[in-house]
K.L.:
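Take this structure, written in structure tokens, and hold onto it; I'll ask about it next.
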Amino acid sequence: MVELPCKGCRGACCGPVPITGPEVKKIKKKIKSMPVKMRNELKNQQRFYGTCIFYDQDNDKCGIYSARPAICDAFGHYANLVCFRKPEAVKKEHWSPKEEPAGILSVDFKWEHFE
């Protein structure tokens, strides 16, 4: 897939993020495996309202990249998830989840759900 120009967006495109039950479990495992210092630094960052609670503002990247939800992996490559900085990256019509979301990160699921 084409790489997106995410550096500099500061997570503004990362939300709202719907997640499924299996993704909740995968993220919990990722968070629990992080060194405490790294986890606390990520947890205590200021973020834009409504953006993903795991966006690493200090490093301008996803803080849980290897456990990111499917919608994050699909972002920018589907017509209903267009990156405004690189709309030509869209190669597929529409993305839809394989199962119903269990909730939204930063709304239904907050940090306390993952620790």
K.L.:
Considering residues at least two apart in sequence or located in another chain, which fulfil the side-chain contact (heavy atoms from CB on, under 4.5 Å) criterion with Glu115?
P.N.:
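Counting only residues at least two positions away or on another chain, Glu115 forms a side-chain contact (heavy atoms from CB on, under 4.5 Å) with Arg39, Lys43, Trp111.
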K.L.:
Quick check: closest heavy atoms across Glu99 and Pro22, and the distance to 0.1 Å?
P.N.:
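Heavy-atom minimum between the residues: OE1-CD, 3.3 Å.
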K.L.:
Donor-acceptor check, side chain of Asp56 to backbone of Asp58, threshold 3.5 angstrom: yes or no?
P.N.:
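Yes.
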K.L.:
According to side-chain hydrogen bond (donor to acceptor under 3.5 Å, both in side chains), who are the partners of Ser66, at least two apart in sequence or on a separate chain?
P.N.:
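If we apply the side-chain hydrogen bond (donor to acceptor under 3.5 Å, both in side chains) test to Ser66, skipping adjacent residues, the hits are Lys30.
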K.L.:
Working to the nearest 0.5 angstrom, can you tell me the gap between Gln57 CD and Gln46 CD?
P.N.:
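CD of Gln46 is found 9.0 Å from CD of Gln57.
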K.L.:
Are side-chain heavy atoms of His77 and Val90 found at a separation under 4.5 Å?
P.N.:
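A side-chain contact is absent here, since even the closest heavy-atom pair is not under 4.5 Å.
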K.L.:
Distance check, rounded to the nearest 0.5 Å: Glu112 atom CD versus Ile53 atom CD1?
P.N.:
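Nearest 0.5 Å value for the CD-CD1 distance: 8.0 Å.
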K.L.:
Would a distance-only check, ignoring hydrogens and angles, find a side-chain to backbone donor-acceptor pair under 3.5 Å from Glu23 to Pro69?
P.N.:
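Pair absent, no side-chain N/O of Glu23 close to backbone of Pro69.
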K.L.:
With sequence neighbours left out, what residues match Ala102 under side-chain contact (heavy atoms from CB on, under 4.5 Å)?
P.N.:
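Ala102 satisfies side-chain contact (heavy atoms from CB on, under 4.5 Å) with Phe109 only.
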K.L.:
Applying side-chain contact (heavy atoms from CB on, under 4.5 Å), run through Cys72 and Tyr65 and close with a yes or a no.
P.N.:
CA-CA 9 Å; Cys72 301; Tyr65 189 80; over 6 Å; no
K.L.:
Between atom SG of Cys14 and atom CD1 of Ile71, what is the distance when rounded to the nearest 0.5 Å?
P.N.:
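If we round to the nearest 0.5 Å, Cys14:SG and Ile71:CD1 are 10.5 Å apart.
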K.L.:
Has Asn80 got a side-chain atom pairing as donor or acceptor with Trp95's backbone, closer than 3.5 angstrom?
P.N.:
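Yes; at least one donor-acceptor contact below 3.5 Å.
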K.L.:
Please identify each residue that fulfils side-chain hydrogen bond (donor to acceptor under 3.5 Å, both in side chains) with Ser106, with sequence neighbours left out.
P.N.:
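Here no residue qualifies.
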K.L.:
Tell me every residue that passes side-chain hydrogen bond (donor to acceptor under 3.5 Å, both in side chains) with Asp108, counting only those two or more places apart in sequence or in another chain.
P.N.:
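If we apply the side-chain hydrogen bond (donor to acceptor under 3.5 Å, both in side chains) test to Asp108, skipping adjacent residues, there are no hits.
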K.L.:
Test side-chain contact (heavy atoms from CB on, under 4.5 Å) on Ile19 and Ile104; report intermediate values, then the result.
P.N.:
CA-CA 6 Å; Ile19 58 172; Ile104 306 290; over 6 Å; no
K.L.:
So, taking the atom named NZ in Lys32 and the one named CD1 in Ile27, what distance separates them when rounded to the nearest 0.5 Å?
P.N.:
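These two atoms lie 13.0 Å from each other.
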K.L.:
If we only count heavy atoms from C-beta on, is the Val17 to Phe54 side-chain gap below 4.5 Å?
P.N.:
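Sidechains of Phe54 and Val17: no contact.
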K.L.:
Mind checking what makes side-chain hydrogen bond (donor to acceptor under 3.5 Å, both in side chains) contact with Asp60, not counting sequence neighbours?
P.N.:
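side-chain hydrogen bond (donor to acceptor under 3.5 Å, both in side chains) list for Asp60, sorted by chain: Tyr55.
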K.L.:
To the nearest 0.5 Å, how far apart are NE2 in His113 and NZ in Lys110?
P.N.:
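That separation rounds to 7.5 Å.
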K.L.:
Looking at CZ of Phe75 and SG of Cys83, how far apart are the two atoms once the value is rounded to the nearest 0.5 Å?
P.N.:
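Reported to 0.5 Å precision, the distance equals 5.5 Å.
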K.L.:
Evaluate Ile64 against Met34 for side-chain contact (heavy atoms from CB on, under 4.5 Å), listing each step before the verdict.
P.N.:
CA-CA 10 Å; Ile64 59 163; Met34 284 181 173; 4.1 Å; yes
K.L.:
List the steps, then state whether side-chain contact (heavy atoms from CB on, under 4.5 Å) holds for Lys28 with Phe114.
P.N.:
CA-CA 5 Å; Lys28 279 184 183 181; Phe114 298 95; 3.6 Å; yes
